[in-house]
2 protein chains.
Amino acid sequence: MAFSIGILSRRAGVKVPTIRYYEQVGLMPSPPRSDGQQRRYGDAEVARLNFIRHARELGFEVDAIRELLAMSAQPEESCAEVDRLARRHLAEVEQRIARLVSLRTELQRMVTECGHGRVGECRVIQVLADHGECDHDHGGARPGSTGFAAA
Amino acid sequence: MAFSIGILSRRAGVKVPTIRYYEQVGLMPSPPRSDGQQRRYGDAEVARLNFIRHARELGFEVDAIRELLAMSAQPEESCAEVDRLARRHLAEVEQRIARLVSLRTELQRMVTECGHGRVGECRVIQVLADHGECDHDHGGARPGSTGFAAA
DNA sequence: CTACAAGCTCTAGCGACTAGAGGATCAAGC
DNA sequence: GCTTGATCCTCTAGTCGCTAGAGCTTGTAG
């Protein structure tokens, strides 16, 4: 019935130090201890940890999971808050996708324009160097030199 | 000709503490100092910092930027390495997009299936709770309770 | 009863910054 | 020349979600 943190780890697919970390940040309860101060868990903790793991896999932050867990303890309440949290997270994921997609576009343009010649004519380097707000030219850089290479 | 870190900050669009951090990790050179030990920069540093900022905006890691900067100092070399770095980064971005897209799908499914009733019947909570490896039932949870809610 | 695996606490590290304390310096105005 | 206030300096610590390791104790199987 009562089992160790290692067993819990295997049953829920979460590493032992991570479980202790979750306890520290208040996602998991402080469980009862054995005579020698070792943590003892039951099936409810497996379920809770699975919930946490799945929420993390979906990209929810620890703070959000704390709220989701608190809400799931109030099954008679309206789920409007749960819905709001999930929608907000969805919106964040969509923003990150949009941003990454535009990064991908620019990266693709860079690598397809690269003529595979020398660094001095490399499109990748040029794009990285040219995108700043250097609207006035800083003068005498020879072609093929970015002029800032000394660290 | 020689200007302060604050001016550099404004010209390159990078915050002052970030510039000092870049110096610490070797992306920016240790510049000459004034009599009172304040950093003095020139135009080359503006260009270098713009390069760094743009690479960061494209999601390159600091280690990769260090390599890109070193390569750009060798304009006669082949740009094969530059190309390799950019392509590897592109592949990482594509992986992240793929992962986020599948997250988005699951999140969308969750929120559209939510009936906006009580938490106990909320699809969002159910999906989070059910996805684990709890293939055998943990017994007597009343309908509407996840059975792990005590922290 | 002895190994030794697994547990414990505590501290520090990752990446890329950001924030703040507490003090020095610089440039401009009078 | 002097004062003011913005800017600069170094140093430490915090962010997030873990992960790694040291050094010690406990549990369990043979």
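First the proteins, then the strands, lettered A, B, ... as listed; each starts at 1.
Salt bridge status for A/Arg20 with A/Glu23: absent, with no side-chain N to carboxylate O gap under 4.0 Å. Ion pairing between B/Arg84 and B/Glu81 holds under the 4.0 Å rule for side-chain N and carboxylate O.
Close to C/dC17, at under 4.0 Å from its OP1 or OP2, lies a side-chain N or O of B/Tyr22. An OP1 or OP2 oxygen of D/dC8 is reached within less than 4.0 angstrom by a side-chain nitrogen or oxygen of B/Ser4. Remark: A/Arg33 is in phosphate contact with C/dT9, judged by side-chain N or O atoms under 4.0 Å from OP1 or OP2. Between B/Lys15 and the phosphate of C/dT18, there is a side-chain N or O to OP1/OP2 separation shorter than 4.0 Å. Put simply, B/Thr18 has no side-chain N or O that comes within less than 4.0 Å of OP1 or OP2 on C/dC17.
By the 4.5 Å heavy-atom criterion applied to side chains, A/Leu58 and B/Leu128 are counted as neighbours. At a threshold of 4.5 Å between non-hydrogen side-chain atoms, the residues B/Ile52 and B/Phe60 do not count as touching.
Here A/Arg56 lies in heavy-atom contact (under 4.0 Å) with sugar-phosphate atoms only. No engagement by A/Phe60 is indicated, since no non-hydrogen atom pair under 4.0 Å with the nucleic acid exists.
Remark: the backbone N or O of A/Leu27 is paired with a side-chain donor or acceptor of A/Arg48 at under 3.5 angstrom. Between the side chain of B/Arg53 and the backbone N or O of B/Ala12, at least one donor-acceptor pair lies under 3.5 Å.
One can place CG of A/Leu27 at 10 Å from C1' of D/dG17, the figure rounded to the nearest angstrom. Remark: P of C/dG15 and CD1 of B/Ile52 are 17 Å apart, rounded to the nearest angstrom. Between A/Ile19 atom CD1 and C/dA6 atom C1' there is a gap of 13 Å when expressed in whole angstrom units. Atom CD1 of B/Ile5 is separated from atom C1' of C/dT25 by 14 Å (rounded to the nearest Å). If you take OH of A/Tyr21 and P of D/dC16, they are 8 Å apart, rounded to a whole angstrom. The CG atom of B/Asp63 sits 12 Å away from the C1' atom of C/dC14 (whole-angstrom rounding). The CE-C1' distance, from B/Met28 to C/dC17, rounds to 16 Å in whole Å. Straight-line distance from the CD1 atom of B/Ile65 to the C1' atom of C/dG15: 12 Å, rounded to whole Å.
Within a 6.0 Å sphere centred on CZ of B/Arg104, other residues, nucleotides and ligands contribute more than 12 heavy atoms.
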Can you check nucleotides 26-29 of chain C for protein contacts, nitrogen or oxygen pairs under 3.5 Å, and list what you find?
| residue | atom | partner | partner atom | Å |
| --- | --- | --- | --- | --- |
| C/dC26 | OP1 | B/Ser34 | OG | 3.0 |
| C/dC26 | OP1 | B/Gly36 | N | 2.9 |

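Place A/Arg39 and A/Gln24 on DNA chain C by their nearest nucleotides, and A/Arg39 ends up nearer the 5' end.
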